[in-house]
Colleague: 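A single structure is presented below for examination.
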Amino acid sequence: FRGADKDADDKLSLDEFVAYYNSRLGKMRPKFDARYKLSESMLGKGAFGVVHRAERTADSTPVAVKLLCKEGQRIDDVLREVGIWQRLDHPHLVRLYDVYEQRKDLMLITELCFGGDLFQRLVEVEHFSEQTAILLARQVTEALAYLHEQGVAHCDLKPPNILVRDALKPGAQGKMV
């Protein structure tokens, strides 16, 4: 992520990840620690943030935790998108549970999709059944229809932004980010 000393392909250890969170969260860290427990599983890393797996302590629900660096981004646009995301509720949209904001970062706590993104799955399996393709297309279409009913346009629809709830198999569930 931007500002890190790591290459894009390097993975942060849990200690590095926790140290980074601690340095960025400041006074929000006790609130986060009271609600979530970080795991060693890093799920991904991008230009503006890292995503780690965690568990909501109240009910042991697995969640994804994304630390998004506000530096270099149009923060008003990011906050507007987060505000829209918080009010959305549809079975084929990734759910946003919590947001922590600090001076330099946003921490987004979201639903965890175990199957990775659609692009990764397509690369791994090279093809999948017509039945699975129809199911995923229908789910994406239903999610887009819901967004449009809410007055929201998804301006970045692409396979990496469609997460797969579980492995690509009959009954697979796609979730848009």
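Nothing here was measured: the structure is a model prediction, and the numbers come from that model. Quick note: residue numbers are just sequence positions, from 1.
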Colleague: Minimum heavy-atom separation for Pro160 to Asp117, with atom names?
Modeller: O-CB, 3.4 Å
Colleague: At their closest point, which heavy atom of Leu96 faces which heavy atom of Ile109, and how far apart are they?
Modeller: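 Minimum heavy-atom separation between Leu96 and Ile109: CD1-O, 3.5 Å.
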Colleague: Work out which heavy atom in Leu43 is nearest to a heavy atom in Ala64; give both atom names and the distance.
Modeller: CD1-CB, 4.1 Å
Colleague: Listed by chain and number, what are the side-chain hydrogen bond (donor to acceptor under 3.5 Å, both in side chains) partners of Thr61, not counting sequence neighbours?
Modeller: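 side-chain hydrogen bond (donor to acceptor under 3.5 Å, both in side chains) check on Thr61 returns Arg56, Asp59.
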Colleague: Consider only side-chain N and O atoms of Arg35 and Tyr97, and report whether a donor and an acceptor are under 3.5 Å apart.
Modeller: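 Per modelled atom types, Arg35 and Tyr97 side chains form no pair under 3.5 Å.
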Colleague: Nearest 0.5 angstrom please: Leu93 CG to Leu144 CG, how far?
Modeller: 8.5 Å
Colleague: Return the set of residues passing side chain to side chain contact (heavy atoms under 4.5 Å, CB included) with Glu142 (not counting sequence neighbours), or none when no residue passes.
Modeller: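 Result, side chain to side chain contact (heavy atoms under 4.5 Å, CB included) vs Glu142: His90, His92, Arg138.
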Colleague: Who passes side-chain hydrogen bond (donor to acceptor under 3.5 Å, both in side chains) against Glu55, sequence neighbours left out?
Modeller: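 Applying side-chain hydrogen bond (donor to acceptor under 3.5 Å, both in side chains) to Glu55 gives none.
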Colleague: So do the side chains of Thr110 and Lys66 get within less than 4.5 Å of each other, counting heavy atoms only?
Modeller: no
Colleague: Could you tell me the separation between the CD atom of Gln86 and the CZ atom of Arg95, rounded to the nearest 0.5 Å?
Modeller: 10.0 Å
Colleague: I'd like to check the salt bridge (Lys or Arg N to Asp or Glu O under 4.0 Å) partners of Glu130; sequence neighbours left out, ordered by chain and number.
Modeller: none
Colleague: Within the structure provided, determine whether Leu157 and Ile162 are in side-chain contact (heavy-atom separation under 4.5 Å).
Modeller: yes
Colleague: Would you say the side-chain atoms of Asn161 pair up with the backbone N or O of Asp156, donor to acceptor, closer than 3.5 Å?
Modeller: yes
Colleague: For Tyr36, what residues pass the side-chain hydrogen bond (donor to acceptor under 3.5 Å, both in side chains) criterion, not counting sequence neighbours?
Modeller: Asp98
Colleague: If I compare all heavy atoms of Ser39 with all of His52, which pair ends up nearest, and what's the gap?
Modeller: O-ND1, 3.0 Å
Colleague: Identify the heavy atoms of Lys37 and Thr57 that sit nearest to each other, and give their distance.
Modeller: N-CG2, 4.1 Å
Colleague: Considering only Ile, Leu, Val, Met, Phe, Trp and Tyr, and joining two whenever side-chain heavy atoms are under 4.5 Å apart, list the other residues clustered with Phe119.
Modeller: Val123
